Amino acid sequence: MAESQNIGHEQRQVRLDKLKALEAKGINAYPHIYRPTATAASLAEKYKDLPNDTQTADIVSVAGRVRAVRNSGMFVDLYDATGKVQIYSALEHLPPAEKDVLDLVDIGDIVGVEGAVRRTKRGELSVAAQKITMLAKALLPLPEKFHGLTDTDTRYRQRYLDMIVNPDTLPILAKRSRIITAVRQMLLDEGLLEVETPILQAVKGGATAKPFITHHNALDMDLFLRIAPELYLKRLIVGGMPGVFEIGRNFRNEGIDTRHNPEFTMMEIYRVYNDYTDMMTLFEKIAETAALVANGTTKIAIDGVEIDLKGPYPRRPMADLVKEHAGVDFMAIASDDAARAAADKLGVHVEKDAAWGDCLAAVFEDKCEKHLIQPVHVIDYPKCMSPLTKSHRADDRLVERFETFINTWEMGNAYTELTNPLDQHQRLAEQAAAHDAGDEEADMMDEDFVAALEHGMPPTGGLGVGIDRLIMVVLGGLSIRDIIAFPTMRKK
RNA sequence: GAGUGCGUAGCUCAGCCGGUAGAGCACCUGACUUUUAAUCAGGUGGCCGAGGGUUCGAAUCCCUCCGCGCUCACCA
């Protein structure tokens, strides 16, 4: 990479010269293996009562990245995955050959140190070096030690630097990993099967969103990167799996901001003989699991506001919330015309051909979402915007669908899944007509999916959870770019 | 997509009513077996994001482009 060779070429040259000096001594600066016997944290724990200015006879070896060098190498701060341990090099104890290696150590190098455990006069637990092993000579300098790396561009493009110098970055990504693992385990404990379904799809479906399109050469066929796995997971239900879930990447060709990344991690769950109320309980369990593993409590603070993820959450019909926050009872509005007039009166813009349900949803988004700080299941969505959901058993204008909101963000989306093949075919046909008329986001007709339903799908509850959003909330309202290791960036 | 701010040394940042480039850290040399953002003295290092324009003279003013941030729009 020509570019990296130009970065700090002077400091790089100094380090290259040191690398050559190591090689001249017969030292491999990139050895195959090193096996430390201790970590910073294990030493801190084991020797927490060791008095100042005391050296033990315990010989250990530690390994990590050099982050600071003081007093011409007498004190070196070594960081491993567990924290910091100081390396103390007293000339009277360090063999001359080891001192030569020490002189060739720079900040940023990865080294292994063997020696006796000691606490210095000033109280810093240290390893009194007897042998110093270069494990990886760094050729490029690290960002500044005190201010770290603040340039967001560099932080995202060179995330490894962000992780090395900014102390919050790695723990956040580690918590992401633990949250996903814990949620996965919880679902496995529920008896669900984790499955994988196609990311390359010939027909896009399961959501309304603009897709990425790619091309398969051998088949000479365009394929969509999935916007959702829904229609394939339901095929597995038809095939007889009683409960499935998938955690994986979805791709949507839409805007990028602090809450949206073109590729994001979605979790979808389907369980037979469940309806949407069962999914509400399941969502609460997922959120609690995530919060507990990350923070040890279900309470989180976002912008100074305490939010408790402990269930059960209130269940509020969309129309009730609209009535509360906008003062209009849409359930009492009978016609599309009257609904549009009501929306207009509230200053909510709707299309000229907007139906009753479109108006209700538009008013909800404009007037209600911003108030939904504490967890709430918004239930009973209008039918027209939910082509994969069963009609509400008590009101045919609605469907049995809910979205869970936390911190005003939509966190999850769940249905009593539509299983009637004739109804499904008609609703997808309406979507497909919109798609053919130019609505890139509308669903397409998936004949095979409908055929699957024609073979019979048991009553099923389904739940989708935006894993990134969940992590953003659990970790205190972070940007999606802080919880995705490598967010999508423009080509530089 | 719109508005707005930013882009100067490896990193963090000054300089911006035009006059030829600065600091701290890092790096190099030296001092100090002392430290913990070690300290002290000296030094190296810049196509001032790219291109064009105005001007005797541009990091600074103007235009275009590139990249990033924020707000809004879009977005289940």
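Worth saying up front: this structure is predicted, and the values here are computed from it rather than measured. In the text below, chain A, chain B and the rest are named by the order of the sequence lines, each starting its count at 1. All values below come from the heavy atoms of this structure, side chains included, with hydrogens, waters and symmetry mates left out.
- Put simply, CD on A/Q11 is 14 Å from C1' on B/G46, counting in whole angstrom units.
- Using a 4.0 Å cut-off between charged nitrogen and carboxylate oxygen, A/R315 and A/D320 do not count as a salt-bridge pair.
- Checking the phosphate oxygens (OP1, OP2) of B/U36, no side-chain nitrogen or oxygen of A/R70 falls inside 4.0 Å.
- One can place NE2 of A/H147 at 12 Å from C1' of B/A14, the figure rounded to the nearest angstrom.
- Atom name P, nucleotides B/G51 and B/A14: the rounded distance is 24 Å, in whole Å.
- Taking atom P in both B/G67 and B/G30, one finds a spacing of 46 Å when rounded to whole Å.
- Between the CG atom of A/L104 and the C1' atom of B/C27 there is a distance of 15 Å, rounded to whole Å.
- Atom NZ of A/K18 and atom C1' of B/C28 are 9 Å apart (whole Å).
- Spacing of C1' atoms, B/A21 relative to B/A9, comes out at 10 Å, to the nearest Å.
- Per the geometry, CD belonging to A/E10 stands 14 Å off P belonging to B/U29, to the nearest Å.
- With a cut-off of 3.5 Å on both pairing distances, the Watson-Crick or G-U wobble partner of B/G67 is B/C6.
- B/A2 and B/U64 have their P atoms separated by 13 Å, with the value rounded to a whole Å.
- Straight-line distance from the CZ atom of A/R15 to the P atom of B/U44: 21 Å, rounded to whole Å.
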Base-contact (B) and sugar-phosphate-only (S) positions in nucleotides 66-76 of chain B, heavy-atom cut-off under 4.0 Å, - elsewhere: -SSSS---BBB
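- At a threshold of 4.0 angstrom between heavy atoms, the contacts of A/G148 are confined to the sugar-phosphate backbone, with no base atom among them.
- Side-chain contact annotation: A/Q86 with A/R122, donor-acceptor N/O pair under 3.5 Å absent.
- For the P atoms, the distance linking B/A26 with B/C11 amounts to 15 Å, nearest Å.
- Put simply, the side chain of A/E124 and the base of B/U35 share no donor and acceptor less than 3.5 Å apart.
- With respect to the salt-bridge test (charged N to carboxylate O, under 4.0 angstrom), the residues A/D278 and A/R271 do not qualify.
- Remark: of the listed residues A/R235, A/K204, A/R427, A/R235 is the sole one forming a salt bridge (Lys or Arg N to Asp or Glu O under 4.0 Å) with A/D446.
- Residues A/D109 and A/K137 are paired through a salt bridge, judged by an N-O separation under 4.0 Å between the basic side chain and the carboxylate.
- Atom C1' of B/C63 sits at a distance of 39 Å from the matching atom of B/C27, rounded to the whole Å.
- In this structure, a donor-acceptor pair under 3.5 Å is present between the side chains of A/E246 and A/T197.
- At a non-hydrogen distance threshold of 4.0 Å, nothing from residues 375-384 of chain A comes into contact with RNA chain B.
- Pair assignment for B/U60 gives none, since no Watson-Crick or G-U wobble pairing has each distance under 3.5 Å.
- When Watson-Crick and G-U wobble pairs are counted only if both distances are under 3.5 Å, B/U55 pairs with no nucleotide at all.
- One interatomic measurement links the two molecules: NZ of A/K84 to C1' of B/A38, which rounds to 12 Å at whole-angstrom precision.
- Nucleotides B/C68 and B/G42 have their P atoms positioned 42 Å apart, rounded to a whole Å.
- Figure legend. B/A23 is base-paired to B/U12; pairs are counted as Watson-Crick or G-U wobble with both atom distances under 3.5 Å.
- For the 3.5 Å distance criterion, the side chains of A/Y381 and A/E403 qualify, holding a donor opposite an acceptor.
- Atom-to-atom, CD of A/Q13 to P of B/G10 comes out at 15 Å; the value is rounded to the nearest Å.
- Between A/T169 and A/D162, the side chains place a donor N or O and an acceptor N or O closer than 3.5 Å (distance only, hydrogens not considered).
- For the residue pair A/K383 and A/S391, a side-chain donor N or O sits within less than 3.5 Å of a side-chain acceptor on the partner.
- Judged by the 6.0 Å and 45° rule, A/R67 forms a cation-pi pair with A/Y79.
- The partner of B/C75, taking Watson-Crick or G-U wobble pairs whose two distances both stay under 3.5 Å, does not exist in any strand shown.
- Among residues two or more places apart in sequence or in another chain, the ring pair (Phe, Tyr, Trp, His ring centres under 6.0 Å) test is passed with A/F402 by A/H377.
- Here A/K145 does not reach the OP1 or OP2 of B/C27: none of its side-chain N or O atoms lies under 4.0 Å away.
- On the C1' atoms, B/U44 is 47 Å away from B/G1, given to the nearest whole Å.
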